[in-house]
Amino acid sequence: MPPSFALVDCNNFYASCERVFDPSLRHVPVIVLSNNDGCVIARSEESKALGISMGAPFHEVRGIVHRHGVRVFSSNFPLYGDMSRRVMATLADFTPHMEIYSIDEAFLDLSGMPGRDLADYARCIRETVRKWTGIPVSIGIAPTKTLAKIANRTAKKDAKWNGVFDMRNPSLQGEILHRIAIEDVWGIAGRLGLQLRDAGMDTAGRLRDAHLPSLRRRFGVVIARICQELRGVSCLPLDRVETPRKQILASRAFGTRVTEYQDMAEAVASHAARAAEKLRSQGSTAGAVMTFIRTSPFTIRDAWYQNTTLASLPSPSQDTAILISAALAGLKRIFRKGYRYQKAGVLLLDLTRCGPTQGDLFTPSDPAREDRSRRLMRTMDAVNRRMGRGTVFHAAQGVNGRWRMKAGNLSPAYTTRWSDLPRAR
DNA sequence: TCTGGGGTCCTAGGACCC
DNA sequence: TCTGGGGTCCTAGGACCC
């Protein structure tokens, strides 16, 4: 028996989250913007129909927005994260074998569900998620993850399937795959798509029927694997355990351009602190800190400058103070006056699980100091968790925040802040 | 005036070793 | 006047995903 994967994907997830708590948004076009209200990252069906494309800079679609009364939201990630947890918890009721693939997608392994029609089962999942969370989902079923992605797409695009499409039948696969453009296959985008098209493979069907050894030679293992998956040979197993991140990035575009070192330093310190928080929450330490700054890649009028610097720590750490000072030391090396900076970030690397570490011969360890640091971090995290992010912070992060991002159309934190709880009347 | 943020995996090529 | 071959490890950069 080949395996059966189901891909559950939330429809227009961020836009749907906004709708759950505001019924006036039903049946009207809704869009959600990226940080800084920069570009469009989610669209309701009505907005798609108006021709607003994914990733479009907001200023380019402003005309359509005004003409059609599109409701616009700044991204509200605490809300979306919380809704995602609810959806995933609901799915977990239906199978123990599940991989949370992204904030709005999960693969379920439905192999060996005894005595059930899987499409029926999927319809039941879909209805339950809608009832318990208010979020509409689509479900595709197939013998491999790559095919399940395509099945899901079909479920979503073609209304006659009512949100659930079972593509386990091989002759059905043949039919569908010839209608799927090569760039719509999971793992193939612009660059590879062009190369495959050049080689005569313009649809998923053509890629599936290619000569495997030549494909492997010319395009590498990744494409060969996709080819196998399209043939129904499962190469990508369900990844059930949540693996700790191998690197942690905190970066933001600025609300307004930054020109002064002091503002930049506060921003970099804040990113370092946020990255450190994430680091501790997954129980890791970092061995190296990378700092980067850059001007806008879009504005031709301004001089372009970008630079990156990497600092290894004498010994791995998860102490915010240590990570901030490493990031700031890096910033000093690369900051140049006279540029209009648009973005900065801090990347933590060489992550290892906490525990006994290899000491450095030249920096004798100081157990008392390390213990103090651990207790301080634990306390800070606890306070910020309880009282809200940013209740206690390091002085280097500053308080004026001229660089902080814009969020002009933010919805309330309906589910994560007491004062924003929706009221029923 | 205005263009996101956070990840992963793979590969090629250099450094280094024997 | 003459200078090998092969393995491993690391890193940077490319490509992709949501």
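Numbered from 1 within each chain, the chains take letters A, B, ... in sequence-line order.
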**Request:** Assign Leu33(A) to base, sugar-phosphate, or nothing according to its heavy-atom contacts below 4.0 angstrom with the strands shown.
**Result:** nothing
**Message:** Categorize Gln247(A) for me: base, sugar-phosphate, or nothing, with a 4.0 angstrom heavy-atom threshold over every strand shown.
**Reply:** base
**Request:** Quick one: label Ile103(A) by what it contacts on the DNA or RNA (base, sugar-phosphate, nothing), any heavy atom closer than 4.0 Å.
**Result:** nothing
**Message:** I need the CZ-C1' distance between Arg301(A) and dT3(B), as an integer number of Å.
**Reply:** 14 Å
**Prompt:** Which residue lies toward the 5' end of DNA chain B, Arg62(A) or Leu347(A), if each is placed at its nearest nucleotide?
**Reply:** Arg62(A)
**Side-chain N,O (Gln342(A)) to OP1/OP2 (dC2(B)) below 4.0 Å** = no
**Message:** Is a donor from one side chain sitting under 3.5 angstrom from an acceptor on the other, for Ser284(A) and Arg245(A)?
**Reply:** no
**Complete:** Given Watson-Crick and G-U pairs under 3.5 Å, DNA chain C in dot-bracket ([ ] crossing, | other strand) is ....||||||||||||||
**Request:** Specify the separation, in whole Å, of atom CG of Leu349(A) and atom C1' of dA12(C).
**Result:** 12 Å
**Sub-6.0 Å ring centroid separation between Tyr14(A) and Phe73(A)** = no
**Fill in**
Nearest-nucleotide check on DNA chain B, Ser251(A) vs Glu60(A); residue mapping nearer the 5' end is Glu60(A)
**Asked** Where the side chain of Trp186(A) is concerned, which of dT8(B), dC17(C), dG4(B) is the nearest nucleotide?
**Response** dC17(C)
**Request:** Side chain of Phe298(A) only, please: which of dT3(B), dG7(B), dG5(B) is the nearest?
**Result:** dT3(B)
**Message:** Say we look at dC16(B) and dG4(C): how far apart would their C1' atoms be, to the nearest angstrom?
**Reply:** 15 Å
**Item:** Nearest-nucleotide pick for Leu249(A), side chain only, options being dG4(B), dG6(B), dC10(B)
**Value:** dG6(B)
**Arg208(A) side chain vs Arg231(A) backbone, donor-acceptor pair below 3.5 Å** = no
**Under-4.0 Å salt bridge between Arg71(A) and Asp22(A)** = yes
**Prompt:** Which nucleotide sits closest to the side chain of Ser102(A): dG4(B), dG5(B), dC18(C)?
**Reply:** dC18(C)
**Message:** Under 4.0 Å from OP1 or OP2 of dG6(B): is there any side-chain N or O of Arg274(A) that close?
**Reply:** yes
**Request:** Check every strand shown and say whether Ala56(A) touches a base, only sugar-phosphate, or nothing at a heavy-atom separation below 4.0 Å.
**Result:** nothing
**Message:** Check Arg378(A) with Asp381(A), please: is the shortest side-chain N to carboxylate O separation under 4.0 Å?
**Reply:** no
**Request:** Look at all strands and tell whether Asp104(A) reaches a base, only sugar-phosphate, or nothing, counting heavy atoms closer than 4.0 Å.
**Result:** sugar-phosphate
**Message:** From C-beta outward on Arg216(A), which listed nucleotide comes closest to its side chain: dG4(B), dT11(B), dC17(C)?
**Reply:** dT11(B)
**Prompt:** Under 4.0 angstrom, heavy atoms only, what part of the nucleic acid is Val185(A) near: base, sugar-phosphate, or nothing?
**Reply:** sugar-phosphate
**Complete:** Leu7(A) atom CG is separated from dC17(C) atom C1', nearest whole Å, by 13 Å
**Request:** Quickly work out the Asp302(A) CG to dT3(B) P distance and round it to whole Å.
**Result:** 11 Å
**Complete:** To the nearest angstrom, the CZ-C1' distance between Arg245(A) and dT8(B) comes to 9 Å
**Request:** Inspect the contact between Glu105(A) and Lys156(A) and indicate whether a charged nitrogen and a carboxylate oxygen are less than 4.0 angstrom apart.
**Result:** no
**Prompt:** Between dC10(B), dG4(B), dC18(C), which one does the side chain of Val221(A) approach most closely?
**Reply:** dC10(B)
**Item:** Closest nucleotide among dT8(B), dG5(B), dT3(B) to the Lys343(A) side chain
**Value:** dG5(B)
**Separation of dG6(B) C1' from Lys246(A) NZ (nearest whole Å)** = 15 Å
**Message:** Quick check for you: among dG5(B), dT3(B), dC16(C), whose closest atom lies nearest to any side-chain atom of Ala253(A)?
**Reply:** dG5(B)
**Asked** Rounded to whole angstroms, how far apart are CZ on Phe77(A) and P on dG6(B)?
**Response** 9 Å
**Item:** Salt-bridge criterion met for Glu277(A) and Arg274(A) (N-O under 4.0 Å)
**Value:** no
**Item:** Donor + acceptor pair across side chains of Asp109(A), Ser111(A) (<3.5 Å)
**Value:** yes
**Request:** Decide yes or no on ring pair (Phe, Tyr, Trp, His ring centres under 6.0 Å) for Phe107(A) and Trp186(A), but give the supporting numbers first.
**Result:** CA-CA 14 Å; Phe107(A) 287 102; Trp186(A) 189 35; 5.6 Å; yes
**Prompt:** What's the closest nucleotide to the Lys149(A) side chain, out of dT8(B), dT3(B), dC18(C)?
**Reply:** dC18(C)
**Prompt:** Does Arg225(A) make a side-chain N or O approach to OP1 or OP2 of dC9(B) shorter than 4.0 Å?
**Reply:** no
**Prompt:** Once you round it to whole Å, what is the distance between C1' of dG6(B) and CZ of Arg252(A)?
**Reply:** 9 Å
